[in-house]
J.: 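Can you read through this structure? Questions will come right after.
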Protein chains: 2
Amino acid sequence: MLETRSRILNAAEGLFADRGFSATSVRMITSRAKVNLAAMHYHFGSKDQLIQELFALRLSPLNRQRLALLDRCQAGGGAGEPSLEQILEAFIRPPVQLIRDPERGGMRFMRLLSRAFNSPDGAIREMIYGQFAEVIERFSGALGPRLPHLSREEAFWRFHFMVGAMSHTLHVIADWKNLENLFTDVPEPSQVDEVVDRLVSFLAAGFRTPIPSKEN
Amino acid sequence: MLETRSRILNAAEGLFADRGFSATSVRMITSRAKVNLAAMHYHFGSKDQLIQELFALRLSPLNRQRLALLDRCQAGGGAGEPSLEQILEAFIRPPVQLIRDPERGGMRFMRLLSRAFNSPDGAIREMIYGQFAEVIERFSGALGPRLPHLSREEAFWRFHFMVGAMSHTLHVIADWKNLENLFTDVPEPSQVDEVVDRLVSFLAAGFRTPIPSKEN
DNA sequence: CCTCAAGTGAAACAGTCGTTTTAAACGTAC
DNA sequence: GTACGTTTAAAACGACTGTTTCACTTGAGG
């Protein structure tokens, strides 16, 4: 069939998200895709190249959207730089929207992405970071003028605090089902977009707070 | 030799931290430990039980220390509850100290822990969360009275923002070498304890900020 | 009708996986 | 000295790994 490629990609995305890369065999993928074992090597060459293609396909629209949002709010207001909240939102809203859009991978791809971020395989991590390099550069450049009270070191760490809070939050949203199995007292899945606002105001307050005194 | 068990545990910790669970074979472990293949099954029964034992050994001292710190600052000041900063510090300082103490696993175990947190294997994740259940309960109970301005939902999310920022920060510290390979402009590894202060004040400011308005 | 490339089906490749089994060697304690 | 818990050595188990090979079917262009 003509759709063999996309059926392999689809099955692979689901299995990688559920079981990880090294625990997912080529045979699992091709059998879930109802496709011959050889078809995978015919279309993608190897398991590794299949993984690469999968991420390139999903990640570049996400980061293009982030950069477009940043462009718009930087050019938008006319005079003056964008506010701290506007920058944070341009960073955080696109992945949250992606989570709700099954066409772009939805929760499944987000679980996969958070797996790839912590992958033991250095090659995978390098590829992932490569896909994010431009976004990191642009956003830390945009954040700088909004944080004149911070040293370079302090800004570096707070940027990582933000990345951590965001990626863990995305993981929680995308893995809600598993969370309910593990904890009691989990609130109803609230409107996902609200979480963006919550996260933005939490982080903005953190970024704005003065540097802690060293006498401790 | 009498130390066969600990040599296996030591080799396993290193390999699991570097390559992940499913990509590390029993043969790799026993050959790095310079120990016979059968010795691993003799002492631990199976690969899975070896993993379980490894985490129980490392994780319970960490969480006992957290709870002890919380106890002390709750009973300490006499009148009045502990401050938000004191609670956060009781949560964050123990794992940062662990990172600097090779006897307790140091950076190696921290990399392993952050791998286990995102493991595809449901059994591993369940065990990890089980080890943290009491800590989570105690700390969210202690944080509650310090956050009277927050709804239950808002407190839930901010708690996760904190967990995410902390765990990603620990990962960055423990994986510094890899970070230097991937990014430019990484600051010198500053005094690790300073990071605790930075993180505590960042998070305290986030926790204290009022709930964002919905009109957006 | 013939041809040629794209794609499929099924089998086989050489390894590695976790685990078990057998045998023989240890040091230590009763 | 002999029993016991520990450790080594070496081989084998069946199952599974990523990848390759090759005969086969299919459909479109000349």
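Owing to the predicted nature of the structure, the values given are computational and were not obtained by experimental measurement.
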J.: How would you summarise protein contacts on nucleotides 9-25 of chain D per nucleotide, using B for base, S for sugar-phosphate only and - for none, with heavy-atom distances below 4.0 Å?
T.: B--B----BBBBB----
J.: Between B:Ile8 (CD1) and C:dG18 (P), how many Å, whole number?
T.: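 Atom CD1 in B:Ile8 sits about 14 Å away from atom P in C:dG18.
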J.: Take atom CZ of B:Phe44 and atom P of D:dT6, then tell me their distance rounded to the nearest Å.
T.: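 Nearest whole value for this atom pair: 12 Å.
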J.: Which salt bridge (charged side-chain N to carboxylate O under 4.0 Å, His left out) pairs, counting each pair once, include a residue from residues 42-59 of chain A, with sequence neighbours left out?
T.: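 Checked against salt bridge (charged side-chain N to carboxylate O under 4.0 Å, His left out) - neighbours excluded - the pairs reaching residues 42-59 of chain A are A:Arg5-A:Glu53, A:Glu13-A:Arg58.
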J.: Could I get the full list of side chain to side chain contact (heavy atoms under 4.5 Å, CB included) partners for B:Leu37, not counting sequence neighbours?
T.: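 Side chain to side chain contact (heavy atoms under 4.5 Å, CB included) list for B:Leu37, sorted by chain: B:Val26, B:Arg27, B:Thr30.
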J.: Does any donor atom in the side chain of A:His160 or B:Thr169 lie under 3.5 Å from an acceptor atom in the other side chain?
T.: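 There is no such pair between these side chains.
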J.: Is it true that the side chains of A:Asn10 and A:Arg108 contain a donor and an acceptor less than 3.5 Å apart?
T.: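 There is such a pair between these side chains.
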J.: Write out the stems for DNA chain D, ordered by first number and formatted as range with range, counting runs of at least 3 consecutive Watson-Crick or G-U wobble pairs under 3.5 Å.
T.: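 Runs of three or more consecutive pairs: C:1-17 with D:14-30, C:19-22 with D:9-12, C:24-30 with D:1-7.
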J.: May I ask you to verify if any side-chain N or O of A:Thr4 is less than 4.0 angstrom from the OP1 or OP2 atom of C:dT8?
T.: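 Looking at the OP1 and OP2 atoms of C:dT8, one of them is under 4.0 Å from a side-chain N or O of A:Thr4.
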J.: Expressed as a whole number of angstroms, how long is the span from B:Leu15:CG to C:dG18:C1'?
T.: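 Answer to the nearest Å: 16 Å.
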J.: Going by side chain to side chain contact (heavy atoms under 4.5 Å, CB included), name the residues that satisfy it together with B:Ile128, two or more places apart in sequence or in a different chain.
T.: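 For B:Ile128 the side chain to side chain contact (heavy atoms under 4.5 Å, CB included) partners, ignoring immediate neighbours, are B:Phe55, B:Leu59, B:Leu113, B:Ala116, B:Phe117, B:Ile124, B:Phe132.
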J.: Looking at B:Tyr42, does any N or O in its side chain come under 4.0 Å of the phosphate oxygens OP1/OP2 on D:dT6?
T.: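 So the side chain of B:Tyr42 is within the cut-off, an N or O lying under 4.0 Å from OP1 or OP2 of D:dT6.
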J.: To the nearest Å, give me how far apart CG (B:Leu50) and P (C:dT19) are.
T.: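 Taking CG of B:Leu50 and P of C:dT19, I get 10 Å after rounding.
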J.: Provide the full list of ring pair (Phe, Tyr, Trp, His ring centres under 6.0 Å) pairs with a residue in residues 84-107 of chain A, sequence neighbours left out, each pair given once.
T.: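 Listed by first then second residue: A:Phe91-A:Phe139.
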J.: Under 3.5 Å, is there a donor-acceptor pair linking the side chains of A:Gln86 and A:Gln74?
T.: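 No, no side-chain donor-acceptor contact under 3.5 Å.
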J.: Would you call the rings of A:Phe16 and A:Phe21 parallel, tilted or perpendicular if under 30° counts as parallel and over 60° as perpendicular?
T.: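 If you compare the ring of A:Phe16 with that of A:Phe21, the planes turn out tilted.
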